[in-house]
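Notes follow once the structure below has been shown.
In what follows, chains carry the letters A, B, and so on, assigned in the order in which the sequence lines appear, proteins first and then strands, with residues in each chain numbered from 1. For clarity, every value in this text was computed on a predicted model and none was experimentally measured. The analysis underlying the following values was restricted to heavy atoms, covering all of them including side chains, and did not include hydrogens, waters or symmetry mates.
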There are 2 protein chains.
Amino acid sequence: MTGVTEDIQRRPPTSVDVARAAGVSQATVSYVLNDNPNARVSEKTRERVREAAERLGYVPHASARALRTGHSGLVLLPLPMARTGRLAQEWLDALGDALNDAGYTLVYYGERKLKGIAAARDWAALRPVSIIVDSERLTKASVELLKSSGTRAVFGIGSEPSPLVPSMVLDHRQVGELAARHLVERGCRRLGAIVPREAGIDVMGANRWRGVCRVAPDAARLDLAFSEDEARELVAGGDLPDGVFAYNDEYAMLLISALHDAGLRVPDDVAVVGADDLPIASLMRPRLTSVHFDPTANPVELVTLLDEIVRGEREAADGTVVDLFAPRLVVRDSA
Amino acid sequence: MTGVTEDIQRRPPTSVDVARAAGVSQATVSYVLNDNPNARVSEKTRERVREAAERLGYVPHASARALRTGHSGLVLLPLPMARTGRLAQEWLDALGDALNDAGYTLVYYGERKLKGIAAARDWAALRPVSIIVDSERLTKASVELLKSSGTRAVFGIGSEPSPLVPSMVLDHRQVGELAARHLVERGCRRLGAIVPREAGIDVMGANRWRGVCRVAPDAARLDLAFSEDEARELVAGGDLPDGVFAYNDEYAMLLISALHDAGLRVPDDVAVVGADDLPIASLMRPRLTSVHFDPTANPVELVTLLDEIVRGEREAADGTVVDLFAPRLVVRDSA
DNA sequence: CTCCAACGTTTATACGTATAAGCACTTGAT
DNA sequence: ATCAAGTGCTTATACGTATAAACGTTGGAG
């Protein structure tokens, strides 16, 4: 109705559009906007290009760039959001910031259904430059697939170091060991450790229990779901150890509440140690003794390592292990 | 040293490689692997292509595909991991699954430094097909930029409906209102609400307080950092309301612990209501009355909506509001 | 025997970018 | 004046994919 130019498809402006607007070639636009040090462009032209890009609202097309350069600059983190604890999340956010500063982009890629090699294929499709993933999800075949599809740095993350790739580790046995040693020093005769029945955390629970066993080989394994009924039953069953590592602070609270209801005193009858050192730990009565986690791996240093591997300046040995958190006991009143 | 074929660059196989291996053209490979219904390929050839792709470990190049088709199939979620609560995270994971089923890919894009239009540019570079982002981060200019760069469905998420785009909302005033109404019905004369001083959640705190004010216009605003010292001071200051909405369960525990230390009884002297209904709520003594959140927005339905908007089958009115969670009071002993 | 339609496949092209290579022109040294 | 060495740009190309269009065969109808 109005004009002829109206019906022009309004698609996002490309570097060609910017070039046309600035009266230069597309190559010049690319040189200027990427500050390519090998290119020689006069300051006057640079200004014209930048102005045109700004005016048109030019945004480079990440896919096109990735296709051309061969890598996407993406660091993939295929973890479900809900599973990781708050501490780990804050650490991961810090990692994301550090990666940003180094020119990478951390992508939490929240996909869970695909298993084994199919999952690896899915990750590889994005041509990430690096990937940080649960050690258990990595097989020899999937690592090979990733590497051959251009992923330079594959990291595992989990309780155990991976034999396949460098890995970031939190050894849960140490956690149990730390708690158990304190309980023994405190004078406890029989130890026990709660192992949660909830899927997802049961593995960590079992590892922490094994750590307790390293100190007290005859420690009791107390399998428990997070429910008041089960806790009551456990306490009513009698024959309870006089020192219990309760897996974490929430389970500790569950246990202590059941003990109180049964008329038992903490720590006199049963000493209890939690883990995570949540803000509520020092609010409980008795105040909860808990395993605190100090982040040890500096995200910035980790990014440096990653960057070196990506650039090929360093070949990471498969056995490289980065400790994520150092467990430390905070002694209060419950044990 | 050994052979001549050794030094061939081992780059990820492309559809051309698959074509060569199967003795067909690259186009045929594309037709087969994408099950393109407009193409006619004999079953025998299909089989050959699939076999070759499998054997070579072919993985399609997402960037190349995105460049060709014009969209990446990505749904961007630029949220820091640490900020959202566990409930929200589980919901978001469910959303991710639903999106997967519909052929999209949810990407938690954890970048925080960029502000305003610069952030929008950063998002747009990935050419996402849709984006779900804090309502406060969206300006008129950034929405325009996103849309003009090909993002079909822009959603806001937050406490308030966005005037610019359809939004997913959890109205925190309702939360405060719900708690306050219960306290009043219970017989409390003077109400108060804790507003956390921690950055990031202070806004939600203020909104919940406003909700309390809708029921009790003269309600006291109790600004509080999460520290036992501050809580003690607050209680020692005297002149405390006889009914307090404590923002959430953790703050409730902080407050109750301070009240106990000061010799005050809950709920007789001061009634306390929490929120989030954490597992520990029913373990506290007295058992904590808390606002529970029921997820109301079905992720599958939301994905359907998103898909329709993306396909252009439906134009979402800017005012469209999707309620995320319905608050509901769980009455126990603390109020 | 011819012509047409259906079938199965190939050829050609474009998406937006980065960069190697080339080209015209200027400058200073010889 | 001549050449070498810059300087400031442009031209050309490739990355890997999806798909429109073209193409050669085959079978059957006329």
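- For A/P299, the side-chain contact (heavy atoms from CB on, under 4.5 Å) partners are A/W91, A/A94, A/L95, A/A98, not counting sequence neighbours.
- Listed by chain and residue number, nothing satisfies the salt bridge (Lys or Arg N to Asp or Glu O under 4.0 Å) test with A/D323 (two or more places apart in sequence, or in another chain).
- The salt bridge (charged side-chain N to carboxylate O under 4.0 Å, His left out) pairs that include a residue from residues 115-125 of chain B are A/E54-B/R121, where partners are two or more places apart or lie in different chains.
- Looking at residues two or more places apart in sequence or on another chain, you find a side-chain contact (heavy atoms from CB on, under 4.5 Å) between A/E301 and A/N298.
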Using a 4.0 Å cut-off on protein heavy atoms (strictly under), produce a 5'-to-3' string for nucleotides 17-22 of chain D with B for base contact, S for backbone-only sugar-phosphate contact, and - for none. BBBB--
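- Applying the side chain to side chain donor-acceptor pair (under 3.5 Å) test to A/Y58 and every residue at least two apart in sequence or in another chain returns nothing.
- With sequence neighbours left out, A/R46 forms a salt bridge (Lys or Arg N to Asp or Glu O under 4.0 Å) with no residue at all.
- Applying the side chain to side chain donor-acceptor pair (under 3.5 Å) rule to B/T105 yields no partners; only residues at least two apart in sequence or on another chain are considered.
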Any protein N or O atoms within reach of nucleotides 26-28 of chain C? Criterion: under 3.5 Å, listing atom names and distances.
none

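- Residues passing the salt bridge (Lys or Arg N to Asp or Glu O under 4.0 Å) test with A/E47, sequence neighbours excluded: none.
- Of the residues in residues 45-56 of chain B, none has a non-hydrogen atom less than 4.0 angstrom from any atom of DNA chain D.
- The stretch residues 59-68 of chain B participates, sequence neighbours left out, in no salt bridge (charged side-chain N to carboxylate O under 4.0 Å, His left out) pair at all.
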